[in-house]
Amino acid sequence: MAAPTILVFDSGLGGLTVYREIAAARPDARLIYSADDEAFPYGPMEESKLILRVLAVVGALIEKHRPDLAVIACNTASTIVLPDLRARFTLPFVGTVPAIKPACAASATRRVSVLGTEATVQREYTRKLIAEFANGTDVTLIGSARLARFAEAELRGEPVADREIADEIAGCFIDSDGRRTDTVVLACTHYPLLLHRFRQVEPWPVTYLDPAPAIARRVGQLLGPARDAEPGLSAQMVTTLGQKPPAELEKALFSFGIKEFGGISV
Ligand code: DGL
């Protein structure tokens, strides 16, 4: 049987944190990493526009690359657009949504924060996860309008100052009634790219929950057991702007195993 093709989609470079887990688990698959960089960031986009945009871009990618499975490696999109994608296309979709259930189950202090885009923390979907799974744990929602851009800058070799990162995550750290936040849900796929920076500026150590390993496991369940790696399989990055990445970013993408670049018109 031919190598399965997996499409991994995000607004920008954040989905690479999901892509790398899937690539490690599925050396037998052909991977296409796609970024809608023309419309990045999705955070401030109005919901109805975002739905239409994602349907159009993912639709064009499906038509061109015929994936066996698509991963929406973006919380901002997954928390609103998955039902429409599943209604329109027949292939299986795996989404990325805030890991509120495992965070609340794991928190010893029963204080959890959810760090995402402003859109993700406001979504009905996120509020429902809290209502269903908080189970008495105090959950604080922190929306950031800037961190996704900071993560992209980090990958481009232009890191922002510690102070700027500290300001964005400060709200996650609650210390009251003798209980401190001990778990922070990374509810935007860009944020694991900044994990080493978070650790440098955090007021006290916490566990950061990155959903990527769970997503890679879900992909494995849907595709069945991995076969032997096929020689010569290479990963490709496809963007809506279709530009060759600048040198620093290209170097970073090479380190993720991506060596081919292309575009998609929508
Ligand atoms: N990587 C994205 C997420 O998981 C979106 C960032 C953005 O485009 O605003 O939410």
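Counting starts at 1 for both ligands and their atoms, in listed order.
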_Test item: side-chain donor near acceptor, Y42 and D36, under 3.5 Å_ = yes
Sorted by chain and residue number, the side chain to side chain donor-acceptor pair (under 3.5 Å) partners of S176 (sequence neighbours excluded) come out as R111
Query raised in the report: With distance as the sole criterion, is a donor-acceptor pair present between the side chains of T76 and T117 under 3.5 Å?
Result: yes
* Please examine the side chains of V114 and L129, heavy atoms only from C-beta on, and report whether any two atoms are closer than 4.5 Å. => no
Looking only at distance, does T117 have an N or O less than 3.5 Å from an N or O of ligand 1?
no
Discussion item. I'd like to check whether H190 has a polar contact with ligand 1, where a contact means an N/O of the residue lying under 3.5 Å from an N/O of the ligand.
Written reply: yes
The atoms of ligand 1 lying under 4.0 Å from a heavy atom of D10, numbered in the order shown, are 1 (N), 2 (C)
T76 heavy atoms within 4.0 Å reach ligand 1 at atoms 3 (C), 5 (C), 10 (O)
A student checking ligand 1 against F40 at a 4.0 Å heavy-atom cut-off should list atoms 8 (O)
Per-atom filter on ligand 1: closer than 4.0 angstrom to a heavy atom of G43 are 7 (C), 8 (O), 9 (O)
In short, salt bridge (Lys or Arg N to Asp or Glu O under 4.0 Å) pairs touching residues 40-51 with sequence neighbours left out are E47-R123
Atom 7 (C) of ligand 1: closest protein heavy atom, distance to 0.1 Å, is Y42 N, 3.4 Å
Is the CD atom of Q221 crowded by more than 12 outside heavy atoms at less than 6.0 Å? yes
Notebook entry, point to check: Would you say G12 contacts ligand 1, with heavy atoms under 4.0 Å as the rule?
Noted result: no
Atoms of ligand 1 under 4.0 Å from any heavy atom of S11, numbered from 1 in the order shown, are 5 (C), 6 (C), 7 (C), 8 (O)
dist I165:CD1 -> L147:CG (nearest 0.5 Å) comes out at 6.5 Å
